[in-house]
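See structure below.
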Amino acid sequence: MDILGISCYYHDAAAVLLRDGQLLAAAEEERFTRKKHDYDFPKNAIQFCLDAGGVCSADLDYVVFFEKPFRKFDRILATTLQTYPQSWKVFRESMITWMLDKLWVASKLESHLGVPKEKVLFSEHHLSHAASAFLCSPFDEAAILTVDGVGEWVTGTYGTGRGNEIRLTKQMEFPHSLGLLYSAFTAFLGFEVNEGEYKVMGMAPYGQPRYVDKVWKLVRQNDDGSFSLDMDYFSFHHSTDRTFNGRFAGLFGEPRHPKMLFFTESTGFPKYFGERPADYPGLCRLNQHYADIAASIQRVTEELLVGMAKHLHKQTGLKRLCIAGGVGLNSVANSRILCESGFEELYIQPAAGDGGGALGAALWVYNTLLGKPRAFRMEHAYWGRAYSPSEVSAFLTKNNIPHCLIEDDDKLLDRVVERLMQGKVVGWFQGRFEWGPRALGNRSILADARNPEMKDIVNAKIKFREPYRPFAPSVLAECAERYFDLPHASHHYPARYMLFVVPVKSDHYATLPAITHVDGTGRLQTVFRDQSPRYYGLIERFGEATGVPVVLNTSFNLKGEPIVNTPANAFNTLSKSEMDCLVLGNFLVEKTNL
Ligand SMILES: [Fe+2]
């Protein structure tokens, strides 16, 4: 039985193909269209999934959409009418887009895919989130927490999963949304909403949570962990372009200008920023103020999530928790939930945001709606498109790109280790691209994590990003506890997907300066031989050569672009940056030969 899951028209469009309950392929549309967070109908991702399954759309048994368009339309209609006339603009724009696209999802699916309406099903947004975590997890029984910006009406749920059943027992509703609260601060701090949330999280350790009391003026948490926002401070319920209002700015001061460079006393002024500005001390103080605000919203977000998880733990008495929704990508909060909520284990799958809804919806149809036993557990994130050696070779030859083919894996790995030890920056392109926003060793840029200069080198050569954004470490799973304070590290699934930020052991700050954040933490990825043998082999060899089985891993993309998909995308990154070499499967391209 083949089920195609689709999510689109909101955040990240994606498609997945499930065959007899097993995942065959999953991809976000942005990888194909090269448009970051592309939310349009995912025709490329769908085609990729169908090709991976060797089927055409007429062969599909079901197509399932990750949410209910009419219910969502109902929310927009109701909230815009409530806040009329301020909301007239948002109402008009919503009407146009909803009438054109979203209300007619079933007809669109029918026309795009040639699938009759009776084969098209609709899940609910948060049910899709819940299913995307629980039905991928290794747990027979677990509590479920979903938290995001907003689905149809819902912004968060509590629930339980048992076998193939999911019960959502409580829901929080728009406009009371933790995702939208965090997004308001993302916008206030000068970042793009739905994109810059990671930057707020990265900026937070540079600040002190001095404004926690002010943030608590905006939000109140109830005894059952649910919360409500004071809407007098926000605009997102009646505006398409503003999330907060003048009262909000009255509490926190002028919003940060999006073009303002971020630096404080502790970041210093990186060389790649250019000339040091004349009013450097004043700008440092101003940035410190914004870092303090980031620290404050991050702290309150953690407290709210820990409060919800604690309540859920008490209420259900269960030992395991599955988390989904965009807020589930807040890896600092996830670690606090693990430490403080009472749950012993967490499961979060790598596409915890809306892209993952496509997967949850498909699993919900197979396991819950059709009542079939669970046949799948997500052990890794490698579900995207792969390129065969002949495809890579054809690309290199056709474009006259000098390269060498190193067929012996040991020799290839030795060569790459040598480059890393020389301080080179390596583009590492292997197998199927990752599902979700993190590069996990198949579309990664790698460097030596031991080199104190490496953060600046990678930033200056390729990323050009703000100095507060940390680079992540990939570590052999069985060596993780030597460097990181995460007991039973290899046992925890979120660590496979870089979804925990944990303390680096203080005696290893000096061993791993390039991946240790300013507050002494690291967003580790545990690497397993079974799941990624070549990446594991590389880190193992690097460990044999240096005594440290850890590499710096950052996503394979230029600033502002989605992570690379094809060999051509990868080569384009090599050409447009100062990356030193590119490994495409067993092919090696060295910048010096170009
Ligand atoms: Fe969502």
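Whatever order the structure lists ligands and atoms in, that order sets their numbers, starting from 1. From a predicted model like this one, the values you see are computed outputs, not experimental measurements.
Aromatic ring pairs are classed by plane angle as parallel below 30°, tilted from 30° to 60° and perpendicular above 60°; the pair Y493 and Y347 is tilted.
In summary, E141 and R162 engage in a salt bridge, as defined by a charged side-chain N under 4.0 Å from a carboxylate O.
Residue pairs meeting the salt bridge (Lys or Arg N to Asp or Glu O under 4.0 Å) criterion with at least one partner in residues 326-352, sequence neighbours excluded, are E302-R336, E303-R336, R320-E345, R336-E340.
Judged as a side chain to side chain contact (heavy atoms under 4.5 Å, CB included), and not counting sequence neighbours, the contacts of R385 are F48, Y387, E391, F433, N565.
At least one N/O/S atom of H125, from backbone or side chain, sits under 2.8 Å from the Fe ion (ligand 1).
For D148, the N, O or S atom closest to the Fe ion (ligand 1) goes by the atom name OD2. Of all the N, O or S atoms in D354, the one closest to the Fe ion (ligand 1) is OD1.
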